[in-house]
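The figures that follow rest on heavy atoms only: side chains count, while hydrogens, waters and symmetry mates do not. Protein chains get the first letters and strands the later ones, always in sequence-line order, with residue 1 at the start of each. Keep in mind the model is a prediction, meaning the values are calculated, not measured.
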Amino acid sequence: MNFYERVYELVRRIPAGKCASYGQLALMLGNPRASRAVGYAMRACRTPGVPCHRVVRADGSTTPAFGPGVQRAMLEAEGVPFTADGRVELGGCRWDGA
DNA sequence: AAGCTGACGATGC
DNA sequence: CGCATCGCCAGCT
């Protein structure tokens, strides 16, 4: 079903300054339990235009495998609020899905 | 065709 | 509150 392709389009719709969690994307795809599959698709993120750095974990923590702080830097550069914990403040940047 | 792996999520301890 | 385990789906070997 080209799951990853669908994920790409969804992530591509994420506006700058906002973030979405894997579970959130999976939910939009119709598979709320496919968070792993979503992450798998992101892992193959070879497609430019897909801001995979805007996709964070459900708790707002940045992806550990992305970089030692690279993702955080990109999000902060886009105006994404970060907590002192080093996590994305989803309460202020959580993407509605519009 | 079957099994293993993986950028996750939630629950249990 | 922090760490560990189980369950989920899709893709790859």
Determine all donor-acceptor pairs shorter than 3.5 Å in which one atom belongs to a side chain in residues 32-45 of chain A; sequence neighbours excluded.
none

(message) Rounded to whole Å, please give me the gap between CG in A:Asp85 and P in C:dC1.
(response) 11 Å
(request) Rounded off to whole Å, could you give me the CZ-to-C1' distance for the A:Phe3 and C:dC12 pair? (result) 16 Å
(request) Determine whether A:Val50 and A:Phe3 fall in the same hydrophobic cluster, where Ile, Leu, Val, Met, Phe, Trp and Tyr are linked whenever their side-chain heavy atoms lie under 4.5 Å apart. (result) yes
(request) Kindly say if A:Asn31 contacts the phosphate of C:dA10, meaning a side-chain N or O under 4.0 Å from OP1 or OP2. (result) yes
(request) Going 5' to 3' through nucleotides 6-13 of chain B, assign each nucleotide B (protein heavy atom under 4.0 Å from a base atom), S (under 4.0 Å only from sugar-phosphate atoms) or - (no protein heavy atom that close). (result) BBBSS---
(message) Less than 3.5 Å apart, any donor N or O on the side chain of A:Asp59 or A:Ser61 sitting next to an acceptor on the other?
(response) yes
(message) Using the rule that Ile, Leu, Val, Met, Phe, Trp and Tyr join whenever any side-chain heavy atoms are under 4.5 Å apart, tell me whether A:Leu27 and A:Leu10 fall into a single cluster.
(response) no
Anything under 3.5 Å between a donor and an acceptor, one on a side chain of residues 17-26 of chain A, the other on a protein residue two or more places apart or in another chain? List them.
residue: A:Ser21; atom: OG; partner: A:Gln24; partner atom: N; Å: 3.2
residue: A:Tyr22; atom: OH; partner: A:Thr63; partner atom: OG1; Å: 3.0

